[in-house]
Colleague: 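Take this structure, written in structure tokens, and hold onto it; I'll ask about it next.
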Amino acid sequence: MVYYKTNDEIGLIRKSCLLVSATLAEVANFLKPGVTTLQVDTMAEQYIRDNGGVPSFKNYKGFPFTCCISVNDAIVHGFPNDTPIKEGDIVSVDVGVFMNGYHGDSAYTFAVGTISDKAKQLLRVTKESLYKGVEKAIAGNRVGDIAYAVQEHTEKKYGYGVVRELVGHGLGKELHEEPQVPNFGKRGTGLKMKEGLVIAIEPMINMGKKDVYYDKDGWTVRTKDGKPAAHYEHTVCVQKNKPDILSSFTDIEANEKANPALDASYF
Ligand code: MG
Ligand code: MG
């Protein structure tokens, strides 16, 4: 069942999304070598609750944390832990907020300290592919148009691996609603989108091959070849002429540039 949202609902989803974005902007201030991902998670949970939200992911199907924090070869769904972040790490942080009955969902990948030019390209191209997908979130287009745009930019153009096991999704009252929004596929296929469809578009892109495996924790998804991966996500509302991006990277990017421990030179 695909739920199209009313303007009031879209407004509420936007509020949840903007708290997600504000939380990720806090993370952009907080990240530096020596900080553990568990400390990041604790800070993010406190920030969300102080601002009237509830972490969407905590206890979702048993997930025990506020954030998914996935470092280097971890692609998504990483468990925050006691390992200090170190210079050269690529840290993907995925956050969801539930507020006023609606979820918001967004993710961002950070470069801690100096990373290789190859890794910088991976981050830049993955972020670019997100916006290439977002551009297609217009009424009358099909979900496959988004999928194709992401895959074309990452796999065809740069030879990166597009994760097949995990996909974007509709969201609203539930964190995961129909339709699924893959990052791979054919143009002109899948659901024909109408105004009011709210979807999370989230390219998960591997520097190497597309193959993945699950960690012993049952959640963390890692690249089989051990190479790094990147993950950027926006919640987007389909509209007539132009997609409405409900989450925002503006403050995240400003804080990323202002934080001397992060490398923002990739974009
Ligand atoms: Mg997410
Ligand atoms: Mg998502």
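All residue numbers in this chain count up from 1 along the given sequence. Whatever order the structure lists them in is the order used to number ligands and atoms, beginning at 1.
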Colleague: Roughly how far, to the nearest 0.5 Å, is CG of L19 from CZ of F98?
Modeller: 13.0 Å
Colleague: Using a 4.5 Å cut-off on heavy atoms from C-beta on, say whether the side chain of I146 contacts that of I201.
Modeller: yes
Colleague: Taking the side chain as everything from C-beta on, heavy atoms only, tell me whether V198 gets closer than 4.5 Å to E9.
Modeller: no
Colleague: Less than 4.5 Å apart, side chain to side chain, heavy atoms only: is that true for K58 and T66?
Modeller: yes
Colleague: Verify the distance test for H169 against the Mg ion (ligand 2): any N/O/S atom under 2.8 Å, yes or no.
Modeller: yes
Colleague: In Å and rounded to the nearest 0.5 Å, what is the CD to CG distance from E256 to D263?
Modeller: 8.5 Å
Colleague: Could you go through the ring pair (Phe, Tyr, Trp, His ring centres under 6.0 Å) check for F249 and H234 one step at a time?
Modeller: CA-CA 9 Å; F249 287 166; H234 269 314; 3.9 Å; yes
Colleague: In the protein, how many N/O/S atoms are under 2.8 Å from the Mg ion (ligand 1)?
Modeller: 4
